[in-house]
Q: 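There's a structure below that I have some questions on.
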2 protein chains.
Amino acid sequence: MAASRAPALSPKPPDCGDCPIRHRAVCARCESDELAELERIKFYRGYQAGQVVVSAGEPMGFVGSVVSGIATLTQTMEDGRRSMVGLLLPSDFVGRPGRETAAYDVTATTDLVMCCFRRGAFEKLMLRTPNIGQRLLEMTLDELDAAREWMLVLGRKTAREKIASFLATIARRDATLRPGAADGGIVFDLPLTREAMADYLGLTLETVSRQMSALRRDGVIRLQGNRHVTVPDLARLIEAAGDDSDGGLPG
Amino acid sequence: MAASRAPALSPKPPDCGDCPIRHRAVCARCESDELAELERIKFYRGYQAGQVVVSAGEPMGFVGSVVSGIATLTQTMEDGRRSMVGLLLPSDFVGRPGRETAAYDVTATTDLVMCCFRRGAFEKLMLRTPNIGQRLLEMTLDELDAAREWMLVLGRKTAREKIASFLATIARRDATLRPGAADGGIVFDLPLTREAMADYLGLTLETVSRQMSALRRDGVIRLQGNRHVTVPDLARLIEAAGDDSDGGLPG
DNA sequence: CATGGCAATTGATCTGCGTCAAGGAAAAGG
DNA sequence: CCTTTTCCTTGACGCAGATCAATTGCCATG
């Protein structure tokens with residue numbers, strides 16, 4: 001969990017089949033020559049768990065998306081209060097065309113591989129390729145919806161409901177990533193520490209811990225170690241979340 | 001303050017000089033024939049204070065932007081808990097290309113005029129006119145930033161800070177709408193009831209009221225009636241907001 | 001001018017979550 | 001292996017903000 005800085009090129013870049021920019025973020029409707037152009041300007045970056053990708057206010061020369069691993073988007077006040085404003089899972093896009101500096105701290109919470117494009121080159125390509133902008137608009141609108149869903153969670157839900165909402169979100173996302181496995185319930189690993197969960201949910205880490213224990217006592221979830229979670233009955237979890245049919249994941 | 005439904009055409013459509021779609025939302029870089037096309041498919045709608053523009057889940061056949069007046073975007077849980085996820089001020093865009101139904105309740109809190117485009121026609125125009133999509137992407141990214149700023153407010157700020165953040169946001173926005181008037185401080189009218197403020201801030205209306213009174217007692221603001229606010233010293237208000245240089249307005 | 005309705009204020013009390021503090025469990029590192 | 005560090009859990013207590021309840025002020029409208 002070293003938190004040093006210099007990003008390193010990943011030793012073995014994943015092949016294009018793994019690149020969400022191509023398959024999800026940008027190129028769903030691109031022509032082949034546009035794809036070729038994207039290929040020319042793309043490169044991979046690897047980060048270790050705990051490493052800072054960029055800090056808020058720093059120049060950010062690239063945009064890109066997560067290939068594997070998990071990163072967080074956080075904001076910090078001068079007095080140290082922190083708030084997570086996004087959780088970046090594989091295929092999520094990072095960075096903003098037309099902006100010089102990062103608006104938030106981006107941190108890898110697990111080992112992370114990103115597929116990147118130099119910002120300038122990407123912007124120029126966008127001008128010539130409407131599909132890329134279209135796709136980016138769709139993704140941004142999805143993120144906006146997710147952020148707004150989360151405003152309801154932050155502003156109006158109880159601690160227990162917040163935890164349940166978070167777990168349900170992860171469970172659903174995980175379930176779509178690898179379907180099947182409905183046998184003994186949904187099983188996944190929490191991508192965050194209790195503290196990071198607290199920052200995401202507007203709680204303290206103690207409250208997160210207590211509510212996790214409470215959900216365990218009530219049989220809504222099972223825990224093996226600190227991170228490994230089993231949800232025997234997703235419906236019960238969603239019920240505990242006071243769900244307004246939430247589901248989006250703020251990324 | 002009737003809350004009936006049927007939208008009415010505004011009696012006297014504002015002239016094009018007032019239309020933010022043309023001037024802000026979409027056409028900053030459009031060619032004249034694109035402008036002409038936009039003119040052909042645009043129309044105005046008027047709503048009375050309290051009227052519902054659309055309800056969440058209902059089909060929404062148009063997109064558009066606010067010309068004058070104020071509207072809110074809210075989400076409600078089955079048990080009645082409500083959360084405001086956006087405040088729509090003049091020039092803000094509403095609606096989502098590519099989506100059939102409204103994701104949130106949109107309600108006019110004052111008399112409201114909107115400049116609208118049929119969704120289908122707008123989408124077709126977007127395909128032929130990259131600039132429109134580009135502009136929409138920029139606006140959406142701004143909204144996303146604002147929503148994320150607001151997540152910090154909701155999750156980590158105290159009641160007093162929340163109120164102060166809200167007032168500072170309104171004050172700033174109002175100041176840019178009509179500059180000058182720095183004489184006796186910034187003066188504006190609150191666009192929301194205490195209850196709506198509470199839904200925006202994740203508080204109860206009683207707490208909003210108490211904190212408003214506290215800010216008045218401390219001389220940070222002055223109140224004439226319930227809605228009319230004077231801020232003698234914006235710096236003091238921002239200080240009270242525990243400000244992390246916020247400023248965006250979630251819309 | 002009275003009257004009814006809605007919005008806001010203010011007070012009294014309760015409680016969910018934060019704060020402070022002390023261990024315990026699990027990785028990381030030698 | 002043991003040591004160190006990091007992360008997590010649990011308890012005791014206090015407080016900010018919710019809840020419950022009563023008034024007050026402000027338009028409307030008859």
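Every chain is numbered from 1 and lettered A, B, ... according to where its sequence line falls, protein lines coming before strand lines.
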Q: Can you measure A/R194 atom CZ to C/dA25 atom P for me and round it to whole angstrom units?
A: 15 Å
Q: Whole angstroms only, please: what is the CD1-P distance between B/I221 and C/dA8?
A: 13 Å
Q: What's the closest nucleotide to the A/S209 side chain, out of D/dT10, C/dA8, D/dG17?
A: D/dT10
Q: Mind calculating the distance between CD1 (A/I163) and C1' (C/dC17) to the nearest angstrom?
A: 12 Å
Q: Within the pair A/R227 and D/dC8, is there a side-chain N or O less than 4.0 Å away from OP1 or OP2?
A: yes
Q: Would you kindly give the CG-to-P distance between A/D199 and D/dC7, to the nearest whole Å?
A: 13 Å
Q: Under 4.0 Å: is that the gap between some side-chain N or O of A/R210 and OP1 or OP2 of D/dC8?
A: no
Q: At what distance, to the nearest 0.5 angstrom, does OG1 of A/T72 lie from OH of A/Y200?
A: 10.0 Å
Q: How would you label the contact of B/L203 with the nucleic acid (heavy atoms, under 4.0 Å): base, sugar-phosphate, or nothing?
A: sugar-phosphate
Q: Between C1' on D/dT9 and CG on A/L205, what's the gap in Å once rounded to a whole number?
A: 10 Å
Q: Atom CD of B/Q224 to atom C1' of C/dA7: distance rounded to whole Å?
A: 18 Å
Q: Hey, could you give me the CG/CH2 distance between B/L201 and B/W150, rounded to the nearest 0.5 Å?
A: 5.5 Å
Q: Does A/S213 reach a base, just sugar-phosphate, or nothing at all? Heavy atoms under 4.0 Å.
A: sugar-phosphate
Q: On a plain distance test, is the side chain of B/E206 in donor-acceptor contact with the base of D/dC20 below 3.5 Å?
A: yes
Q: Tell me which nucleotide among C/dT19, D/dC8, D/dG17 gets nearest to the side chain of A/T204.
A: C/dT19
Q: Could you check B/M212 against A/Q211 and say which one's nearest nucleotide on DNA chain C is further toward the 5' end?
A: B/M212
Q: Where the side chain of A/A159 is concerned, which of C/dT10, C/dC17, C/dA8 is the nearest nucleotide?
A: C/dC17
Q: Rounding to an integer number of Å, can you tell me how far A/H228 NE2 sits from C/dA26 C1'?
A: 16 Å
Q: I want to check one thing: is the phosphate of D/dC7, taken as OP1 and OP2, less than 4.0 Å away from some side-chain N or O of A/T193?
A: no
Q: Whether B/D189 and B/R227 form a salt bridge (side-chain N of Lys/Arg under 4.0 Å from carboxylate O of Asp/Glu) is what I want to check.
A: no
Q: Please enumerate all residues that pass side-chain hydrogen bond (donor to acceptor under 3.5 Å, both in side chains) together with B/D233, with sequence neighbours excluded.
A: none
Q: Rounding to an integer number of Å, can you tell me how far B/L192 CG sits from C/dA7 P?
A: 13 Å
Q: Do the charged groups of B/D92 and B/R173 touch, with an N to O distance under 4.0 Å?
A: yes
Q: Quick check: on DNA chain C, is the nucleotide nearest A/R160 upstream (toward 5') of the one nearest A/N226, or the reverse? Name the residue that is more 5'.
A: A/R160
